[in-house]
Amino acid sequence: MKNRIESFQGSTHFRLHYVADSVIAAIAAPGSGAVGNASIIDLGDIAMVVDTFATIQAAEDLKAAAEYITGKPVSYVINTHWHSDHTSGNQVFSPVSPIISTAVTREVMDTFARERLARFQENPEQLLQAIDELEGNIQKESNEKLKMEMTWEHASDREYMKSLPALVLSPPNLTFDRQLTIYGSKRSAQLLTFGGGHSQSDTIIYIPQDKILIIGDLVLSKHHPVLTNAHPQDWLDILEQVEQLDIEAIVPGHGEVCSLQELYEVKGDIADIMALVQDAVQSEKSMDEIEVPQRYQHWSFTTYFRSNLSKAHTMITNKA
Ligand SMILES: [Zn+2]
């Protein structure tokens, strides 16, 4: 058997970005089986991985990369939140490496995500049909940016379908409620939660010695945030607390390694979405009449801007 610690040759699913000697971001390649970003953390005598991608094949490469870079087996895996593009690869590490999350994230995975995966596995035809429809829409799309993004989504969906029959839902087996610190021989990692903003519960990982923050999908870099399971006001409140930390670099859930600037941009975008929808409701305009503001037009995955408007619309009109 090949010794994985000696054998990592790079991956088609992600590109490694050395944020510091201790923190290596695995940035998802477009159209791959990774989809969300992951990170490798070397605390000295302890190696950890944050998030495990959307497929088994991408997670296997992540495990090989982590072992190769740190020269150690992975002692812990942390899930920032339950979404499948950050957790589907858990089974590659579990049960040898404990998987850590908040108690709420574990609960959502063990119930909702478990049932969802079972539905997909029992009836993959539905997913295949959606993938075929997407393929048809790619042919018809005239906007080059949208066409490219749809092509990536289609390729990632195909990667997910390769994984689907072998996926075993592997929820975290070690949980915390507010804060957990893991002490290594050279540095420590603080796992913190301020509740749910992007999802029902979001964890951030802060490395104080290097001033690096791994933030999951609470911050995406030049990429529309995803409000599908979000509580927008709580999300903004969480970011207000997070920005108090001494931060030099942020590993976002999607997009390139960034800084506090991108955190401020995400706050601006969420506040703008809520304000645009509020104005439209008051002036009885339809959501279709709302244009993507100029400053967000170059961001990835414009389709989320539309779904974010409809999510905000449901929230605002239900409250009224
Ligand atoms: Zn997410």
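Ligands are counted one by one from 1 in listed order, and the atoms in each one are counted from 1 as well.
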query = Between Q57 and E159, is any side-chain donor less than 3.5 angstrom from a side-chain acceptor?
reply = yes
task = Please check if any side-chain donor atom of T102 sits under 3.5 Å from a side-chain acceptor atom of T105, or the reverse.
result = yes
Could you tell me which N, O or S atom of [X] is nearest to the Zn ion (ligand 1)?
X	value
D217	OD2
H83	ND1
H198	NE2

Salt bridge present between K145 and E149 (N-O < 4.0 angstrom) =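 Answer for the salt bridge query: yes.
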key: Passing option when H81 is tested against D51, D217, D202 for side-chain hydrogen bond (donor to acceptor under 3.5 Å, both in side chains)   =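 With H81 as partner, side-chain hydrogen bond (donor to acceptor under 3.5 Å, both in side chains) holds for just one option, D217.
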